[in-house]
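Take a look at the structure set out below.
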Protein chains: 2
Amino acid sequence: MLENIDDGCLEQCFHPEVVESVRRDMLGSVPADELAQLFKVLGDNTRIRILDALYRSELCVCDLTALLCMNQSAVSHQLRVLRDARIVKSRKYGKKVLYSLDDEHISGLVRMGSEHVRELKK
Amino acid sequence: MLENIDDGCLEQCFHPEVVESVRRDMLGSVPADELAQLFKVLGDNTRIRILDALYRSELCVCDLTALLCMNQSAVSHQLRVLRDARIVKSRKYGKKVLYSLDDEHISGLVRMGSEHVRELKK
DNA sequence: CTTATATATGAACTGCTGCTCATATGATAA
DNA sequence: TTATCATATGAGCAGCAGTTCATATATAAG
């Protein structure tokens, strides 16, 4: 009896037992969203370069602007995205604002991602 | 003398030595792009849920369609993105196509990402 | 063969994202 | 105070990404 399934998403399915078992174990919709959101923040060339730079040293906005050869406004906008995601933190130092990585998980993710990319080349 | 720097991105910079050192160590533009591309593929709610499901079992398209309560076409389009990124692989079985994860790095990334998300809640 | 089923794909639409430009804020120096 | 430097932010725009719809392909069954 599969009538106890509360939504109508299984009509055409051919492995109802497997699907039910997977459905039970899967991430909830909220955690899946949060995870996707984290990867979305990492999924931009500018932000990856910022993180790669901050992984090596604490830097101010104008250093990053120079390093990336980009508009200061563009860099600030991306730093805001990273700050909002709590991936990066900042502190004031005179007129400047110094940025650094907020979390050691992030460098782990970047390292593991790089490994995957390297593997694909083989 | 900083005139040997080949581009004009350093005019306003106030830590030229640090910037130069970081610049030397940073990822090249191609690897940074590939890494961002990988995270971009992971940075979508639908694709995360597909990967989460496939992490638990090999599944056909119609199973995934039922699990995600989505249009079959939408699922196929996202599977193509995952296939192109070599994150997922497929094999034919009769009329069906069975999908599974292609790489163990991916589950590692998802696990580490989940950990980061969990940490943020505290 | 024809029909039905499973999946893939192209076109079109819509919403989102990242950049630029202009400007605001905030801090230091004169 | 005013002027200058460093950063942040809002508006506007252009390109991209995810969905739907319609249809194509492929396999199996009759």
Side-chain angles (χ1 to χ4, degrees), chain A residues 9-16 18-19 32-33 36-51 54 58-85 88-100, chain B residues 9-16 18-19 32-33 36-51 54 58-85 88-100:
Chain A
C9 298
L10 294 178
E11 300 98 0
Q12 297 188 305
C13 177
F14 293 88
H15 307 111
V18 181
V19 168
D33 255 339
Q37 185 52 39
L38 168 64
F39 285 129
K40 192 171 293 186
V41 173
L42 299 179
D44 175 79
N45 178 58
T46 299
R47 289 191 291 265
I48 281 289
R49 281 151 67 219
I50 291 176
L51 295 179
L54 294 182
E58 186 182 47
L59 294 165
C60 71
V61 178
C62 81
D63 288 338
L64 285 167
T65 300
L67 264 173
L68 304 187
C69 290
M70 283 183 66
N71 197 302
Q72 174 267 319
S73 175
V75 174
S76 274
H77 277 298
Q78 297 303 351
L79 284 170
R80 187 196 212 299
V81 175
L82 292 168
R83 247 187 304 122
D84 287 351
V88 136
K89 62 174 185 274
S90 64
R91 63 184 180 98
K92 286 226 155 199
Y93 183 74
K95 277 186 268 190
K96 303 189 190 158
V97 178
L98 299 176
Y99 280 85
S100 54
Chain B
C9 299
L10 295 178
E11 300 101 359
Q12 298 188 306
C13 179
F14 293 88
H15 308 110
V18 182
V19 167
D33 255 338
Q37 185 52 41
L38 168 64
F39 285 128
K40 191 172 294 187
V41 172
L42 298 179
D44 174 80
N45 178 59
T46 299
R47 291 192 290 266
I48 281 289
R49 279 151 68 220
I50 291 176
L51 294 178
L54 295 181
E58 186 182 48
L59 294 166
C60 71
V61 178
C62 80
D63 287 337
L64 286 167
T65 300
L67 265 173
L68 304 187
C69 290
M70 283 184 67
N71 199 304
Q72 174 266 320
S73 176
V75 174
S76 273
H77 277 297
Q78 299 302 351
L79 285 170
R80 187 195 211 300
V81 175
L82 292 168
R83 246 187 304 124
D84 288 351
V88 136
K89 62 176 185 275
S90 63
R91 63 184 179 98
K92 286 226 155 199
Y93 182 74
K95 277 185 271 191
K96 303 188 188 160
V97 179
L98 298 176
Y99 281 84
S100 54

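Just so it is clear, the model here is predicted, and its values are computed rather than measured. Reminder, nothing fancy here: chain letters follow the sequence lines and each chain counts from 1.
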What is the distance, rounded to the nearest whole Å, between atom CG of B:L68 and atom P of D:dT20?
12 Å
Tell me the interatomic distance from B:Q37, atom CD, to C:dG18, atom P, rounded to whole angstroms.
13 Å
Any side-chain N or O of A:N71 below 4.0 angstrom from OP1/OP2 of C:dT20?
yes
Looking at residues 42-49 of chain A, who's got a heavy atom less than 4.0 Å off DNA chain C?
A:D44, A:T46, A:R47
Interface residues of residues 74-82 of chain A with DNA chain D (non-hydrogen, below 4.0 angstrom)
A:S76, A:H77, A:R80
What residues, two or more places apart in sequence or in another chain, satisfy side-chain contact (heavy atoms from CB on, under 4.5 Å) together with B:V18?
A:S57, A:L59, B:H15, B:V22
Rounded to whole Å, how long is the line connecting atom OH of B:Y99 with atom C1' of C:dA6?
11 Å
Among D:dT9, D:dT7, C:dG10, the one nearest B:S73 by side-chain distance:
C:dG10
B:L79 vs B:V97, side chain to side chain contact (heavy atoms under 4.5 Å, CB included): CA-CA, chis, key distance, verdict
CA-CA 11 Å; B:L79 285 170; B:V97 179; over 6 Å; no
Using a 4.0 Å heavy-atom cut-off, write out nucleotides 24-30 of chain C from 5' to 3' as B (base contacted by protein), S (sugar-phosphate only) or - (no contact).
--SBS--
Supply the atom-to-atom distance A:K95 NZ to A:C62 SG, rounded to the nearest 0.5 angstrom.
11.0 Å
Is it the case that B:R83 and B:Y99 place a side-chain donor and acceptor less than 3.5 Å from each other?
yes
Between P of C:dA6 and CG of B:L64, the distance in whole Å:
14 Å
Exercise answer: donor-acceptor pairs, residues 39-51 of chain A side-chain atoms, under 3.5 Å, sequence neighbours excluded:
unit_1, atom_1, unit_2, atom_2, d
A:D44, OD2, A:T46, N, 3.0
A:D44, OD2, A:R47, N, 3.1
A:R47, NE, A:V41, O, 2.6
A:R47, NH1, A:Q78, OE1, 2.7
A:R47, NH2, A:K40, O, 3.3
A:R49, NH2, A:L68, O, 3.1

What are the two closest non-hydrogen atoms of B:T65 and B:N71, and how far apart are they?
CG2-C, 4.2 Å
Nearest-Å distance for atom pair NZ/P, residues B:K40 and C:dC16:
17 Å
Taking it one step at a time, do B:S100 and B:L54 satisfy side chain to side chain contact (heavy atoms under 4.5 Å, CB included)?
CA-CA 5 Å; B:S100 54; B:L54 295 181; 5.7 Å; no
Atom CE of B:M70 and atom C1' of D:dA17 are separated, to the nearest Å, by 13 Å
Mind checking the NE2-CG spacing from B:H77 to B:L82? Nearest 0.5 Å is all I need.
13.5 Å
Across all chains, not counting sequence neighbours, the side-chain hydrogen bond (donor to acceptor under 3.5 Å, both in side chains) partners of B:S76 are B:Q72
Whole angstrom value for the distance that separates C1' of D:dG10 from CD of A:Q72
14 Å
